[in-house]
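Let me begin by presenting the structure, written as structure tokens, before commenting on it.
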Protein chains: 2
Amino acid sequence: MADHTARPAHTAQPAAEPGAALPRPTLESVAERAGVSRATASRVVNGGAGVRAELREKVRLAVDELGYVPNLAARTLVTRRNGAVAVVVAEPESRLFSDPFFAQHLRGISRELSAADNQMLLLLIEDQRDYDRVGRYLAGGHVDGVLLFSLHHADPMPETARRVGLPFVVGGRPGWPGAESERDLVYVDSDNRGGARLAVQHLRSLGRRRIATITGPLDQTSSLDRLDGYRDLLPDGDPDLIAEGDFTPDGGGRAMAELLARCPDLDAVFAGSDAMASGALKVLREAGRRVPEDVAVVGFDDVESIAAWTDPPLTTVRQDIEEMGRLMARLLLRRLADPTTSATRVAAPTSVITPTHLVIRASA
Amino acid sequence: MADHTARPAHTAQPAAEPGAALPRPTLESVAERAGVSRATASRVVNGGAGVRAELREKVRLAVDELGYVPNLAARTLVTRRNGAVAVVVAEPESRLFSDPFFAQHLRGISRELSAADNQMLLLLIEDQRDYDRVGRYLAGGHVDGVLLFSLHHADPMPETARRVGLPFVVGGRPGWPGAESERDLVYVDSDNRGGARLAVQHLRSLGRRRIATITGPLDQTSSLDRLDGYRDLLPDGDPDLIAEGDFTPDGGGRAMAELLARCPDLDAVFAGSDAMASGALKVLREAGRRVPEDVAVVGFDDVESIAAWTDPPLTTVRQDIEEMGRLMARLLLRRLADPTTSATRVAAPTSVITPTHLVIRASA
DNA sequence: AGTTGCTCAGAGAGCGCTCTCATCAGGGCG
DNA sequence: CGCCCTGATGAGAGCGCTCTCTGAGCAACT
């Protein structure tokens, strides 16, 4: 399709030996062809404000004919803007692979960024050394901002980002002491606590009285917040009804077995993730408990590839993961656009909490 | 940690107003501090070959003291190398989200690229318009090469990559007519056909005689190849034993139901993916067939989050997905490094087929 | 002693772009 | 009729880097 318009460029070029990459047209060549100065050509390429319509057309034509595409490196060199944002994912292999969570999150981010003509750079942190590598990369000035994911306690990335002077937005409430009050610290999280309340409330409305919970790893705020929601409704609950998992099916199964051993009379379980719920379902089945007749189960996340495919399909708390990604990107873009926020103390960058709601299927 | 060495830079700088980003040190300033020319400083920064050890040390010291990091835009502008590779993923939402396949693939790629100090740029294609956007991006010269994923029939990306003159490597055997013979067309695929043979062979060795198969979408070469493998061992097989799925659990379930209706006497199923196998297991369970007693099931992929967690755990054909990603990256990097391959007809870029093998669990 | 060859350092020319600033044309005003 | 203001255009100075080319210095050869 573009072939047609691009052809004249080739014929206009001095004949190049076949197979050799022909030199990319520059602004200079566009300007020459349009009979204007480089400055004017640049103006047109960048929106065309303040250029007579007639000239504007001439330049546009030249651009089309030559198939001109601006050289980003040159542009970045002078504007000091890359049009790129880094997404730093520091997550152990196990979860990154098993959880569609990240894919959805990334998609939301990618959508929002590309809508604003920004590129997404994915930086994976696998081991300790990678912190250095990524740190160096960020310091290299390849990106205008950073999106950070699921930080663990005392994660060095926010400090790194701050040191190299890059604006950043965090996914998930950061858990280190004082984080909440830090100016400049913007995060996006879902209403974990409220979601947990919904789950427990639903189980209670079903008449369940011995409601257990399987938490995620308790060094993550999402786990803690969900547990807090559970406790909100069961302030005097039996501590034996609480078991810690690790967000995997495996861990969920182990926690379920533990709970069954401690409290054989339990009649409901709220699992802190769909993955853990699926493990719990398996253990319950093996223990001869019927779901939901004997034990009602509610999950968290509403990850499609899990929740809808368990046996029985999982009632769960839905969080709009993609929307969270989109929000993170939007927040960061806003900070990038507003020069005042890049200075130290100005402006109020506000964190955002997205709502959660209950999706009722067969398991509860 | 870097704080300590970076400090002198700040104090050496003219006092900047607090909050304002201090200007990044340039090669020029490094050279000045080390008492050498910019050229020599550049040599040291880029390896230090051909520089006297004494000067080399001086420059290194200056770099450390100033916290110098090369400006990539400037470097790219002159070298015409970005140190970045685009990964273009054109996959419908459903599969991208549900399949850990991609995460693993990406991880392999990321590992290999970062080992060679290359950046990975993820470009997601969601709808038709994105082809343009990505095409423009690639034409923009942000990257040195492209990694293409799971192309569908007549996918325009390879042509786009070729038009903008970017070397590329494809994941999965391309399916369009004549693709095989195209020079410059390098791909990485697993031994789908051989893997399928392994699966069927195993089922036969178990004494199964009515072996059905659920294929993936037949416009993808991986599906076709697996079907071919199945047929290799069952050349005179009953065509009623073949049903088409879509790589999702749902589609696998539907296909299974179909098969049961057509051939109630089937005693084994080879599913073209673990996801489809999980759907099939569910349908079999609902139909009252015991697995593996009544019907043996073998999957494909060995995706951990599925295969090990089905009930019963899935016997499946394993392909080393991460290794495939790594291979793709390695192949591309080799093309980038070797200037001869960038010219048209030279060199023999070889595609790679990775082996598959059987992982035996409980379902067969 | 003259020549050649070699290693190492510096000078300087760009890479392609943006952006400031000077210039110039034209219109409204005193 | 001259002045200033506005708006459109072009000239040119870099952005920070790499890389070629020149030349200095020195050892080894004729």
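Each chain gets a letter, A, B and so on, in the order the sequences are listed, and its residues count up from 1. No hydrogens, no waters, no symmetry mates; every other heavy atom, side chains included, goes into these values.
- For the pair B:Asn71 CG and D:dC17 P, the interatomic distance rounds to 6 Å; values are reported in whole Å.
- In terms of polar N and O atoms assigned as donor or acceptor, the side chain of B:Arg52 never comes within less than 3.5 Å of the base of C:dT7 in a complementary pairing.
- The distance between atom CD of A:Glu28 and atom C1' of C:dC17, rounded to the nearest whole Å, is 11 Å.
- The shortest side-chain heavy-atom distance between A:Leu147 and A:Phe168 does not fall under the 4.5 Å cut-off.
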**Request:** Kindly indicate, with the supporting measurements, whether the criterion salt bridge (Lys or Arg N to Asp or Glu O under 4.0 Å) is fulfilled by A:Arg326 and A:Glu322.
**Result:** CA-CA 6 Å; A:Arg326 231 186 261 120; A:Glu322 182 174 329; 2.7 Å; yes
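- Both B:Val78 and B:Ala39 sit near DNA chain C, but only B:Ala39 has its closest nucleotide nearer the 5' end.
- Donor-acceptor pairing under 3.5 Å, judged by distance alone, is absent between the side chain of A:Arg80 and the base of D:dG16.
- Rounded to whole Å, the distance from CG on B:Leu77 to P on D:dC19 is 12 Å.
- Position along DNA chain D of the nearest nucleotide to A:Ala41 versus B:Thr79 favours A:Ala41 as the more 5'-ward residue.
- Rounded to a whole Å, the CZ atom of B:Arg81 is 24 Å from the P atom of D:dG16.
- Heavy atoms of B:Leu55 sit under 4.0 angstrom from primed sugar atoms or phosphate atoms, though from no base atom.
- With D:dG10, D:dC17, C:dT18 as the choices, the nucleotide that has an atom nearest any side-chain atom of A:Ser37 turns out to be D:dG10.
- Within the 3.5 Å criterion, the main-chain N or O of B:Ser29 finds a donor-acceptor partner in the side chain of B:Thr26.
- Protein atom CD of A:Glu54 is 13 Å distant from nucleotide atom P of D:dA8, rounded to whole Å.
- Between the side chain of B:Arg38 and the base of D:dT18, at least one donor-acceptor pair of N or O atoms lies under 3.5 Å.
- Taking only side-chain atoms of B:Arg43, from C-beta outward, the nucleotide of C:dC17, C:dG10, D:dT9 with the closest atom is C:dG10.
- Ion pair B:Arg38/B:Glu32 not flagged as a salt bridge, since none of the NZ, NE, NH1 or NH2 atoms sits closer than 4.0 Å to an Asp/Glu carboxylate oxygen.
- For B:Arg75, the side-chain atoms get nearest to D:dT18 when compared with the rest of D:dT18, D:dC15, C:dC17.
- Per the geometry, CG belonging to A:Asn46 stands 17 Å off P belonging to C:dG16, to the nearest Å.
- When the P atom of D:dG16 is taken as reference, atom CG of B:Leu72 falls 14 Å away, rounded to whole Å.
- Of the possible polar contacts, none joining the B:Ser114 side chain to the B:Asp117 backbone as a donor-acceptor pair under 3.5 Å is found.
- Distances shorter than 4.0 Å separate some side-chain N or O of B:Ser42 from OP1 or OP2 on D:dT18.
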